[in-house]
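Please read the structure below before turning to the comments.
Letters go in sequence order (proteins before strands), and every chain restarts at 1. Basis for what follows: all heavy atoms, side chains included, without hydrogens, waters or symmetry-related copies.
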Amino acid sequence: MEDLIFNLFIFVLASFVGFELITKVPPTLHTPLMSGANAISGITLIGALIIAGGSESLLAKWIGFAGIVFATINVVGGFMVTDRMLEMFKKKEDNS
Amino acid sequence: MSSFLPEALQSILPEAIQLLYLAAAALFIIGIKRLGAPSTARAGNQLASLGMLLGVVVTLFDRNIITFEWILAGIVIGSLLGAFAAKKVQMTAMPEMVAVFNGFGGGASALVAWGEFVRVGPGFLSTDALLTSGLSILIGSITFTGSFIAFGKLKGFIRGGRIALPGQNIINLVLTVTALILVGLFTWQPENELLFWSLLFLALLIGLFTVLPIGGADMPVVISLLNSYSGLAASMAGFVLGNNLLIISGALVGAAGLILTNIMCTAMNRSLGSVLFGSFGESSGVAAAYSGDKSFQQTSADDTAIQCAYARKVVIAPGYGLAVAQAQHVLKEVAQLLENRGVEVKYGIHPVAGRMPGHMNVLLAEADVPYDQLYDMDQINPEFPTTDVVLIIGANDVVNPAAKTTPGSPVYGMPILNVDEAKRTIVFKRSMNPGYAGIDNDLFYEENNQMFFGDAKKSLQELATALKELD
């Protein structure tokens with residue numbers, strides 16, 4: 001139970017950090033911000049690694065494997081597509 | 001992999017891993033912060049991906065990990081699929097892509113919670129780990145099916161409008177309450193497999209039922225909300241595993257998604273509740289579809305070209321139709337031709353134009369339109385009275401004056417681009433069919449408005465040709 005309370009502290013404080021970070025982002029960046037944040041949510045990958053690599057049970061390994069595939073698609077695809085978008089965002093000066 | 005390390009290092013390994021996780025979390029925070037400003041955004045995204053790499057590599061040294069075949073196979077397959085999709089996707093299809101990635105992320109978190117449950121065994125998990133497993137499975141699965149339905153709707157595989165059973169809202173409410181009760185029961189009796197499977201099934205069903213009724217124009221809200229869910233699911237998975245990096249990153253993403261959701265709702269003057277539990281069209285008492293008895297003026301490419309070429313200031317108001325017609329490049333060409341003639345050209349972007357937050361900005365960036373030529377609604381609205389011509393391309397509801405003048409209209413109260421204050425508006429549209437909201441747009445019948453019928457891309461090409469011929 002102590003763990004739960006401690007983790008809850010981290011969760012709530014991190015949420016506040018998240019709120020503070022995102023306010024006042026210009027609309028131009030809404031899509032890249034969303035897809036970048038989306039890639040970060042693929043962090044669940046490290047959980048999947050532990051399950052696929054640390055289980056005795058075959059079922060757990062398969063579940064972990066599927067988790068790794070899903071999360072890696074999210075992470076790799078998410079960061080790459082965000083980079084592709086941001087590469088296009090230019091100011092007028094660099095453009096002409 | 002920990003066995004490869006010298007013994008001295010092995011003894012401090014758990015602490016070292018935690019410290020490096022802390023570094024990864026810091027990289028995420030700095031990365032997100034930098035994503036918030038145009039000049040630093042790209043570096044921010046790269047910092048965040050560095051944080052991810054650090055987190056993953058460090059985890060491989062975790063003592064719990066003993067075999068690597070499954071890990072390697074999974075990472076290779078996932079990376080190839082993700083990279084392929086990211087390279088191939090067209091900018092016009094970006095909302096779909098984000099929805100898909102999001103669905104996989106949510107699904108992964110549900111799988112992690114389930115996997116941990118199987119790995120450790122139901123009897124060995126603490127009560128709070130069980131509770132958070134249940135929540136992770138619930139939120140992750142909702143994100144999974146919800147995102148894929150959103151994908152199907154955006155892609156056109158599923159009809160875009162409202163698809164719902166009679167009493168869908170009540171059904172959804174009952175299902176959600178039942179699912180929460182099931183989470184409780186699952187925590188209480190983890191050995192009961194029936195409870196687990198019912199929870200999983202119900203969660204998948206809720207994702208399906210929540211997104212199916214939501215129409216196209218509300219998609220920006222749904223996509224941001226699902227984004228927030230996938231963060232929450234990751235955070236819950238972090239609670240299950242006792243992993244701080246997961247908890248922190250998930251919370252950051254959850255908060256980011258909520259803020260975007262809120263921005264989108266404000267831009268439409270709708271509450272989150274009314275987006276989720278009822279769509280346009282149902283409430284429309286006043287609105288009637290085009291009945292054919294009001295008159296409007298039509299215009300041609302040549303006429304439009306002359307009006308624009310001799311204007312002092314032209315504002316372009318794009319909407320989802322621009323994305324559908326993939327007309328962003330030829331639009332940029334038209335704008336360039338006008339600028340070459342000395343016309344001041346600006347783009348006025350409504351926050352919910354398109355199908356995801358910032359959709360129009362991405363499209364125009366692809367066509368090499370510099371972002372300092374794009375103006376938000378609040379910046380561009382004061383300029384309309386001094387604007388000679390507004391070109392409205394594939395936008396409809398976001399320029400509908402009924403939002404200001406007709407109480408009872410489904411769009412009433414939504415902040416709009418005040419294009420009707422300009423001297424002339426020209427609407428590029430395929431036909432007189434009403435927009436997503438299914439309501440008539442009085443703008444079309446205004447005296448200073450003209451309609452330019454046809455596919456946006458074709459019309460703009462004609463306009464570009466006509467502009468070139470003027471010289």
Side-chain angles (χ1 to χ4, degrees), chain A residues 4 7 10-11 14-15 18-19 21-22 25 27-31 33-38 40-44 46-55 57 59-61 63-83 85-86 88-92 95, chain B residues 28 32-33 35-36 41-42 45 48-49 55 59 64-65 67 70-71 74-75 77-79 81-83 85-86 98 101-102 104-105 107-109 111-112 114-115 118-119 128 227 230-231 234 237 239 241 246-249 251-253 255-256 259 351 357-358 361-362 365-366 370-372 376:
Chain A
L4 180 66
N7 289 340
I10 295 179
F11 175 73
S15 303
F19 282 124
L21 283 175
I22 314 294
V25 170
T28 302
L29 289 172
H30 281 167
T31 299
L33 179 72
M34 199 170 61
S35 79
N38 184 219
I40 292 177
S41 75
I43 186 67
T44 199
I46 67 177
L49 293 177
I50 294 176
I51 288 156
S55 303
S57 122
L59 174 63
K61 278 184 180 165
I63 297 171
F65 170 76
I68 291 178
V69 174
F70 277 25
T72 323
I73 292 176
N74 187 199
V75 167
V76 175
F79 280 126
M80 280 181 64
V81 94
T82 310
D83 193 63
M85 274 189 271
L86 290 170
M88 304 179 318
F89 282 35
K90 292 177 197 128
K91 262 196 160 156
K92 201 166 189 177
N95 201 20
Chain B
F28 285 154
I32 294 182
K33 177 81 196 159
L35 265 173
R42 201 170 174 204
N45 183 53
S49 50
T59 307
N64 283 317
I65 297 186
T67 51
W70 297 75
I71 291 181
I75 288 192
I77 295 173
S79 302
L81 289 174
V98 172
F101 287 154
N102 202 31
F104 279 124
S109 293
L111 285 169
V112 167
W114 180 18
V118 175
R119 182 177 82 101
D128 53 87
N227 194 22
S230 76
F239 275 89
L241 299 169
L246 247 71
I247 298 178
I248 294 173
S249 326
L252 290 174
V253 178
I259 288 192
N361 303 74
V362 171
E366 194 208 4
Y371 64 76
D372 42 12
D376 305 348

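For B:Ile248, the parts lying under 4.5 angstrom from a heavy atom of chain A are both the backbone and the side chain. Heavy-atom distances place the side chain of B:Ala237, and not its backbone, under 4.5 Å from chain A. With a 4.5 Å cut-off on non-hydrogen atoms, A:Ser57 touches chain B through its side chain but not through its backbone. When heavy atoms are compared at a cutoff of 4.5 Å, B:Asn64 approaches chain A by way of both its backbone and its side chain.
Under a 3.5 Å cut-off, the side chain of B:Asn361 and the backbone N or O of A:His30 do not form any donor-acceptor pair.
Every residue meeting the side chain to side chain donor-acceptor pair (under 3.5 Å) condition with B:Ser230, not counting sequence neighbours, appears here in chain and number order: A:Ser41, B:Asn102.
Contact of the B:Leu35 side chain with the A:Leu86 side chain is registered, since non-hydrogen atoms from C-beta on lie closer than 4.5 Å.
Taking chain A as the reference chain and counting heavy-atom pairs below 4.5 Å, the highest number among B:Asn227, B:Leu241, B:Ile77 is found for B:Asn227. In terms of heavy-atom pairs under 4.5 Å with chain B, the best-connected choice from A:Leu29, A:Thr82, A:Val76 is A:Leu29. Of the listed residues (B:Ile32, B:Leu246, B:Asp376), the one with the most heavy-atom contacts under 4.5 Å to chain A is B:Leu246. Your options are A:Ile10, A:Ile43, A:Val25, A:Ile22, and the one with the most heavy-atom pairs under 4.5 Å with chain B is A:Ile43. Of the listed residues A:Gly53, A:Gly77, A:Gly54, the one with more heavy-atom pairs under 4.5 angstrom with chain B than any other is A:Gly53. Residue with the most contacts toward chain A among B:Gly82, B:Gly55, B:Gly231, B:Ala85: B:Gly82 (heavy-atom pairs, distance under 4.5 Å). For the options A:Leu21, A:Val75, A:Leu59, heavy-atom pairs under 4.5 Å to chain B are most numerous at A:Leu21. For the set A:Gly64, A:Gly36, A:Ala71, A:Ala60, the count of heavy-atom pairs under 4.5 angstrom toward chain B peaks at A:Ala60.
Of all the heavy atoms in A:Asn74 and B:Gly105, the pair that sits closest is OD1-CA, 3.2 Å.
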